[in-house]
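Reckoned from all heavy atoms, side chains included, excluding hydrogens, waters and symmetry mates.
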Amino acid sequence: MMNRRTFRTLKNALFLALSLVATLTGLACLAAILWTLISHGIAGMSWDLFTEMTPPPGGKGGLLNALYGSAVMTLLGILIGSPIGVLAGTYLAEYGRKSALSTAIRFINDVLLSAPSIIIGLFIYEIVVVRMGHFSAIAGALSLAVLAIPVTLRTTEDMLNLVPPGMKDASAALGAYPWRTVVSVLYPAARSGIVTGLLLAVARISGETAPLLFTALNNQFWSTKLDAPMANLPVVIFQFALSPYKDWQNLAWAGALIITASILILSISARVILAMLQAERGSGQ
Amino acid sequence: MAIIDKTHAAKQLVYERVFRAATLAAAILVLLILGGVFVSLLRGAWPALRHFGFSFVTHEVWNPVTDEFGALAPIYGTVVTSIIAMALAVPTAFGIALFLTEICPPLLKRPIGVAVELLAAVPSIIFGIWGLFVLAPVLQRNVQPWLIKHAHHVPVLGALFKGPPYGIGIFTAGLVLAIMVLPFIAATMRDVFETVPPMLKESGYGLGATRWEVIWNVVVPHSRAGVVGGIMLGLGRALGETMAVTFVIGNAHRISPSLLAPGTTISSSIANEFTEAVGDLYTSSLIALGLLLFIITFTVIAAAQTMLRRLERRAEA
């Protein structure tokens, strides 16, 4: 019979080994996905991607209209969503604090943060697309804005709470109203943190596909009209990847590589800013 | 002593009120959005709910030609793919969180942590095309034939892994979902494990416990609420995930006992059919599916948040 001590040591080794295997599995998944994107995407990389429109079935072309549409809708989404998120985060951090209303808002915001994005798409479809009578870029931007709000709200509140209370007290002691303290002291002090929140929000919404399917839809042609359907990278990838045409599939892979690379670069920069911020705070104290 | 300018002070007061009102309005807008989502989905779903009544959730038939819509197949697909995803992702995420908090050399802690978080940042559509073009063929060629061959003697497994290896289907969707929710669960668990006071762990080691014994008997019980919260958060994502599933599930409105058969989920039905839906009842039925998904995920996420919050309060106290 096995010695009890040996048994415990073996069990320990077994579970530690399993946790190593789990970690390697996770890393392998990331590596496999990135490798697929690079090996398939590089083949489709060419200048045409950035100068030509999406082609008809079987033809050659690029992704210019989709890149433009994605940029416009993401930008609009951030421009509409982030002020709301920042202001609401300011309310929670400075005015509401521990009131019942703030607690409720924090809870609802966290729910929205993980709510399925397809639901947000249906919501905007119901309140914008149905009323306008057709799909439009502005509806797409609004659905992205709704997705950006919870991200910016959360980071803004967290970052404002990190500002040393002494700075706030000093401003109040000079006779400044809270709004003046927020605008002239807290926002500048928390600036890089809030910007990080914006970057994370851009990263979050620029890859979203489901909500755009029934708001912006897609457009094979160049369009700058905000009240008309607009092409966008995720929906083009969705349609082209599932098509039987080789040229379309290659474009889908190239688009997938572009979108993933941009999002990963954004997320990494956000993290670098945050790490620098923490290092600064750490050495300052 | 400065001269206090009355008009200046009055102006400041006005600014203060305006600013405060603006922040309050933005905060209340968050509540309104959630309320608006519910009300607008309910309104859109109303024609279908009135027409089919409760049988909407108990009927399997989904036939746009005869205008008959039942949500049972999508509900089944959503639940089964999520169960597969959680069964695979939870133990793996647990392992990753353990590795990162208890075993990993400090030098590697940050890079591996960031890599896991980057996996969470990859858009879901990427998981979709990867699943369809890379994972599904591998499963079809290598994994599924093996499962079919070896499972058919075993009573329950035989029925679960039966039929031709399509590559795509419920099983593949569950697998892709597992990879997608893995980083979310792992990151939450890691954060929760890190809140365990070192003193408790040291006490365990002081009693002569092995590392695994400390993890299982000290770290896990102490962070139980957070672990469950993290799992539920992952479950909320799995239930509502759309694009990744749409690519690999095969979109078939039927309930098959075999996991290898194509199926559908609530979200992939909406994504696949919404823009092609003709007729008010069809559109309304799809929105009713959305309402169902909203209610299910809201319940799961709210429960997860409640658990995580309880833990946070305890950590503060």
Side-chain angles (χ1 to χ4, degrees), chain A residues 8-9 11-12 15-16 18-23 25-27 29-30 33 36-37 84 87-88 90-92 95-96 104-105 107-112 114-116 118-119 122-123 126-127 146 149 153 177-179 203 207 209-210 213-214 217 234 237-238 241 252 256 259-260 263-264 267 271, chain B residues 12 15-16 19-20 22-24 26-27 29-31 33-34 36-37 40-41 43-44 92 95-96 98-99 103 112 114-116 118-119 121-126 129-130 134 179 182 186 210-213 233 236-237 240-243 267 270-271 274-275 287 290 293-294 297-298 301-302 305:
Chain A
R8 286 174 55 205
T9 321
K11 193 169 151 192
N12 183 48
F15 280 108
L16 295 191
L18 282 179
S19 89
L20 178 65
V21 171
T23 309
T25 312
L27 294 179
C29 289
L30 179 67
I33 289 170
T36 310
L37 281 178
I84 297 171
L87 282 177
T90 310
Y91 179 81
L92 293 185
Y95 292 113
I105 290 170
F107 187 80
I108 295 302
N109 190 63
D110 282 349
V111 170
L112 280 176
S114 359
I118 192 165
I119 300 283
L122 284 178
F123 166 57
E126 278 291 308
I127 64 165
V146 172
I149 291 173
L153 189 157
Y177 274 109
W179 83 272
T209 318
L213 276 175
F214 0 102
L217 200 63
I237 296 173
F238 177 50
I259 209 166
T260 312
I263 288 173
L264 291 189
S267 319
R271 256 161 257 278
Chain B
Q12 286 288 317
Y15 289 153
E16 171 62 26
F19 187 73
R20 196 194 156 107
T23 59
L24 180 63
L29 188 65
V30 174
L31 294 181
I33 288 175
L34 194 83
V37 170
S40 66
L41 287 182
R43 258 187 45 192
T92 316
I96 294 178
L98 277 191
F99 182 82
I103 305 168
I112 296 181
V114 170
V116 170
L118 286 185
L119 190 60
V122 173
S124 64
I125 189 163
I126 305 300
I129 55 176
W130 180 75
V134 179
I179 301 173
L182 179 65
T210 63
R211 218 188 273 204
W212 168 252
E213 285 163 347
L233 219 53
R237 293 224 170 235
E241 176 44 49
T242 310
M243 298 322 290
S267 54
I270 303 173
F274 198 80
T275 44
I287 295 176
L293 181 64
F294 177 73
T297 49
F298 181 86
I301 300 169
Q305 291 299 344

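Contact annotation for Val134(B): only side-chain heavy atoms (C-beta onward) come within less than 4.5 Å of a heavy atom of chain A. Of the two parts of Leu20(A), the backbone and the side chain both hold a non-hydrogen atom closer than 4.5 Å to a non-hydrogen atom of chain B. Only the side chain of Thr242(B) comes within less than 4.5 Å of a heavy atom in chain A; its backbone stays farther off. Heavy atoms of Thr297(B) lying under 4.5 Å from chain A belong exclusively to its side chain. For Ile127(A), the part sitting under 4.5 Å from any heavy atom of chain B is the side chain, from C-beta outward, and nothing else. Looking at Leu112(A), the atoms closer than 4.5 Å to chain B (heavy atoms on both sides) all sit in the side chain, from C-beta outward. Neither the backbone nor the side chain of Ala203(A) comes within less than 4.5 Å of any heavy atom of chain B. At a 4.5 Å heavy-atom cutoff, the contact between Leu182(B) and chain A is made by side-chain atoms alone. With a 4.5 angstrom heavy-atom cutoff, Leu18(A) does not touch chain B via any of its atoms. The parts of Ile84(A) that come within reach of chain B are both its backbone and its side chain, each placing non-hydrogen atoms under 4.5 angstrom from that chain. For chain A, the nearby parts of Arg211(B) are the backbone and the side chain; heavy atoms of each come within less than 4.5 Å.
Taking a cutoff of 4.0 Å between a charged side-chain nitrogen and a carboxylate oxygen, Glu213(B) and Arg8(A) qualify as a salt bridge.
Highest contact tally toward chain B, considering only Gly26(A), Pro178(A), Ala252(A), is held by Pro178(A) [criterion: heavy-atom pairs under 4.5 Å]. Contacts with chain B were tallied for Asp110(A), Thr36(A), Thr260(A); Asp110(A) has the most, counting heavy-atom pairs under 4.5 Å. Top candidate by heavy-atom pairs under 4.5 Å with chain A, chosen from Leu98(B), Leu34(B), Leu41(B), Val116(B), is Leu34(B). Ranked by heavy-atom pairs under 4.5 Å with chain A, the first of Ala27(B), Ala271(B), Pro123(B) is Ala27(B). Heavy-atom pairs under 4.5 Å with chain A peak, among Leu29(B), Leu119(B), Val37(B), at Val37(B). Each of Ile33(B), Val114(B), Ile125(B), Thr92(B) has some count of heavy-atom pairs under 4.5 Å with chain A, and the biggest count is that of Ile125(B). Interface summary for chain B: among Ser114(A), Ala115(A), Cys29(A), Gly207(A), the most heavy-atom pairs under 4.5 angstrom belong to Ser114(A).
Closest non-hydrogen pair, Leu264(A) versus Ala121(B), comes out as CD2-CB, 4.4 Å. Between Ile301(B) and Val111(A), the closest heavy-atom pair is CG2-CA, 3.9 Å. Considering every non-hydrogen atom in both Ala241(A) and Ile129(B), the closest pair reads CB-CG2, 3.4 Å. Considering all non-hydrogen atoms of both residues, Glu16(B) and Trp179(A) come closest at OE1-N, 2.7 Å. When all heavy atoms of Gly95(B) and Ala22(A) are compared, the pair lying nearest together is CA-CB, 3.9 Å. The nearest pair of heavy atoms linking Trp212(B) to Asn12(A) is N-OD1, 2.7 Å.
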Practice task
Could you walk me through whether Thr90(A) and Phe19(B) pass side-chain contact (heavy atoms from CB on, under 4.5 Å), step by step?
Solution key: CA-CA 10 Å; Thr90(A) 310; Phe19(B) 187 73; 4.2 Å; yes
Problem - Verdict with reasoning, Leu293(B) to Ile118(A), per side-chain contact (heavy atoms from CB on, under 4.5 Å) - result: CA-CA 10 Å; Leu293(B) 181 64; Ile118(A) 192 165; 4.0 Å; yes
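Once rounded to the nearest 0.5 Å, the distance linking CD of Gln305(B) with CZ of Phe107(A) reads 6.5 Å. In this structure, Phe294(B) CZ and Ile119(A) CD1 are separated by 7.0 Å, a value rounded to the nearest 0.5 Å. For the atom pair OH (Tyr95(A)) and CG (Leu24(B)), the distance works out to 10.5 Å, reported to the nearest 0.5 Å. Atom CG of Leu16(A) and atom OG1 of Thr210(B) lie 8.0 Å apart (nearest 0.5 Å). Note: Thr209(A) OG1 to Ile126(B) CD1 = 8.0 Å, rounded to the nearest 0.5 Å.
Legend: residues meeting side chain to side chain contact (heavy atoms under 4.5 Å, CB included) with Thr9(A), ordered by chain and number and at least two apart, are absent.
The aromatic rings of Phe214(A) and Phe274(B) lie tilted to each other, with the angle between the two planes from 30° to 60°.
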